[in-house]
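Below is one structure, written out as structure tokens; comments come after it.
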There are 2 protein chains.
Amino acid sequence: MTNIRDLAREADVSVTTVSRVLNHHPYVADDKRKAVQDAIRKLGYIRNQTAVQLSTGQTKTIGVMLPYVDHPYHAAILQGIARCAFEEDYRFLTWQTNYVESHEQTVLQALAQREVDGLIIVSHSLAVEDILKYEQYGPIVFCEHHADVSAVYIDHYTAFQKGLAAFQSLGHTEIGICLGRPDSTNSLARKRAYQDTVACTPSEWIYEHSLTIEDGASIARHWLSQPRRPTALLTASDHVAAGIILELRKRGYRVPEDLAVIGFDGSDLAVVLNLTTVAVPYETIGREAFSIAISDTWRDHPQIEIPTTLLNGLTANPAVNER
Amino acid sequence: MTNIRDLAREADVSVTTVSRVLNHHPYVADDKRKAVQDAIRKLGYIRNQTAVQLSTGQTKTIGVMLPYVDHPYHAAILQGIARCAFEEDYRFLTWQTNYVESHEQTVLQALAQREVDGLIIVSHSLAVEDILKYEQYGPIVFCEHHADVSAVYIDHYTAFQKGLAAFQSLGHTEIGICLGRPDSTNSLARKRAYQDTVACTPSEWIYEHSLTIEDGASIARHWLSQPRRPTALLTASDHVAAGIILELRKRGYRVPEDLAVIGFDGSDLAVVLNLTTVAVPYETIGREAFSIAISDTWRDHPQIEIPTTLLNGLTANPAVNER
DNA sequence: ATAATCTGTGGAACGCGTTTCACGGCAAGG
DNA sequence: CCTTGCCGTGAAACGCGTTCCACAGATTAT
């Protein structure tokens, strides 16, 4: 592999000059620049990025910690990160943690070992304090709200309130909710919104551990088996909502007449199902998190809230959907 | 930042010995090993991975080129790669290309610049010959079938045949198909299977550019507008199938009575929709591709075909689904 | 005319871990 | 007793691009 010293010899200049040409530094005479460029072509030189990284102390790479790469909601954030990274000529390394703490530790270690310049934490199970110990090694940006950290997030409390209020304005009082991991920051905020907004909130109407379409289908079966059922269900994701709706329809029940459903995410599934949903601009979250991670602003622990919107489909509203 | 020379000074040994301790080399006396370990603790030493990479000439990182990180089918492959990478203590860099050739070029460049040790190409639009020029810089593994390359793939021809045969055994003769990018290797194989297996294959029954749920919905609307319609439709993905089914049901049509549908992928959407589908073990594809990329076997251009299976739901079979 | 800048260039140090080579000591094999 | 061979250790080179510093010549400002 030819290196810049070979180039310098070939072009009869110093390595400094070669480096200048490579980095488009202005203080190079035209003839020497040309000599170097000829040498590059002649010897087929290709820059060794690793050497650049060691030299500059920057990897131009951001790490992304997320539980599952193939969950639609995480993938959407990843999409935003991917777009922004490409534009900024950065790379990103993804670690799938499955919420296993030792795996999350590996990711933090990678930041300390300077494999990445910064970290975007999409979701995590380690304690925030433990994660923040690694902030001495570089920026850490969360995609969830926590005090005293850099974060880009949606307000799950008000987002859930929007869904609940929509049900209430349609006259629903027997409202249930679905949650993902019951103790996550997001779920706790959602549960608070539920308990603050709705009068009747029995624990049998809080359906936990719902993430996938199939979880939705099993929630539907569970709902069918309940002696006392809510008439409306605010779900944790459009996928869960879709599972519920499809399972109920398969069994001859009607949505929203028998059970009104509101989704969460604003995915294309929602559009096709005519699902009322709380739309979340996940790509924006990814983009914003990335910008913070590569700028100096992270030191101020910026907190950027991304607004959500209620998209009206027909699954929340019996009156409209009647035919 | 403390480095191994600081450690050597502190522990009063040579850098060689420090390096030995760090890498668990056996030829180190117990007392010196302990001295080094004490120094590491005392100075809070953390290895600089970039320096290791430059020194060893290996990044322990694999690059992944794919068009979209958030498409379920690609994400599933990514999942396999992520799992395998973690187990092997490798990292992976993802590039989202959107099938833009200049972006794909960037990825190849990264291999040449030694940012990654190897490349997994999930899907691409550059010509294979052009991609293979970069094989001199490291392993390139495709997730699609091409001659004379390392590849892990499914046989789209026989996979499509399975779906078409299922329709035919139910008595269908008016069969249509959906394709993604019409000129991709996969689509061409699928179209060949269609034309070889089915007697009547008018071009109006080949629905191209279908990737998402919403594409499915618009195919359904298009189907409704056609004077002569197929009675069965083999789709390019479960998402497309879902879009078709949901749109048709929304408009009062029945699946499979009015239109029998078979999906592709074997996703959880298929399970919930009771969709007959050609199941593809995407995670396995990712895993296998990764193993090839990090082993020496890639030089022999191994070709690994992963088998598909037809999963029977009820959307292909009017008789069973009648109630 | 003189001081202060700006251009252009090269030598050498720097970032930092790995690895080759040489060498001394010691034990086992012949 | 001598030769291998294994241990244990360190100096120095290596991988390779960036950058600080010194210096010379050319301008521009005072």
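Computed from heavy atoms alone, side chains included, the values below leave out hydrogens, waters and symmetry copies. The shown structure was predicted, so the numbers you read here are calculated from the model rather than taken from an experiment. Naming convention: chains lettered A, B, ... in sequence-line order (proteins, then strands); numbering from 1 in each chain.
Less than 6.0 angstrom separates the ring centroid of Y282(A) from the ring centroid of Y73(A). Between F290(A) and Y90(A), the gap from one ring centroid to the other is short of 6.0 Å.
Of all nucleotides listed (dG10(C), dC7(D), dG17(C)), dC7(D) comes nearest to the side chain of Y27(B). Nearest nucleotide to the R5(B) side chain, out of dT18(D), dA13(D), dC16(D): dA13(D). With dT18(D), dT9(C), dC16(C) as the choices, the nucleotide that has an atom nearest any side-chain atom of V28(A) turns out to be dT9(C). Each of dT9(C), dC16(C), dT9(D) was ranked by its minimum atom distance to the side chain of N3(B); first place goes to dC16(C).
Atom CD1 of I62(B) is separated from atom CD of E88(B) by 10.5 Å, given to the nearest 0.5 angstrom. The line from CD of E144(B) to OG1 of T185(B) is 4.5 Å long, rounded to the nearest 0.5 Å.
When the C1' atom of dG17(C) is taken as reference, atom CD of Q53(B) falls 11 Å away, rounded to whole Å. The CE atom of M1(B) sits 13 Å away from the P atom of dG15(C) (whole-angstrom rounding). E115(B) places its CD atom 14 Å from the P atom of dG17(D), with the value rounded to the nearest Å. Rounded to whole angstrom, the span from the CG atom of L7(A) across to the C1' atom of dG15(D) amounts to 15 Å. Distance I4(A) CD1 to dA13(C) C1': 13 Å, rounded to the nearest Å. Put simply, CD on Q49(A) is 15 Å from C1' on dG15(D), counting in whole angstrom units. One can place OH of Y45(B) at 12 Å from C1' of dG15(C), the figure rounded to the nearest angstrom. Distance H25(B) NE2 to dC7(D) C1': 10 Å, rounded to the nearest Å.
The shortest distance between side-chain heavy atoms of R20(A) and K32(A) does not fall below 4.5 Å. Contact check for L22(B) versus I40(B): side-chain heavy atoms found under the 4.5 Å cut-off.
A donor N or O paired with an acceptor N or O is not found under 3.5 Å between the base of dG17(C) and the side-chain atoms of R47(B).
Residues E115(B) and T59(B) bring no donor and acceptor atom of their side chains to less than 3.5 Å of each other.
Comparing L22(B) and L54(B) by the nucleotide of DNA chain C that holds the closest heavy atom to each, the one mapping nearer the 5' end is L54(B).
Of the side-chain N and O atoms in S14(B), none sit less than 4.0 angstrom from OP1 or OP2 of dA11(D).
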- Query: So T16(B) and S19(B), side chain to side chain donor-acceptor pair (under 3.5 Å) or not? Walk me through it.
  - Reply: CA-CA 5 Å; T16(B) 311; S19(B) 178; over 6 Å; no
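We find that D38(B) and K34(B) are joined by a salt bridge, their nearest charged nitrogen and carboxylate oxygen being less than 4.0 Å apart.
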Show each protein N/O and nucleotides 19-21 of chain C N/O combination with a separation under 3.5 Å, one pair to a line.
from	atom 1	to	atom 2	distance (Å)
dT19(C)	O4	T16(B)	OG1	3.4

- Tell me, what's DNA chain C's dot-bracket, Watson-Crick or G-U with both distances under 3.5 Å, | for other-strand, [ ] crossing? ||||||||||||||||||||||||||||||
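Within a 6.0 Å radius of CG in D300(A), more than 12 heavy atoms belonging to other residues, nucleotides or ligands are found.
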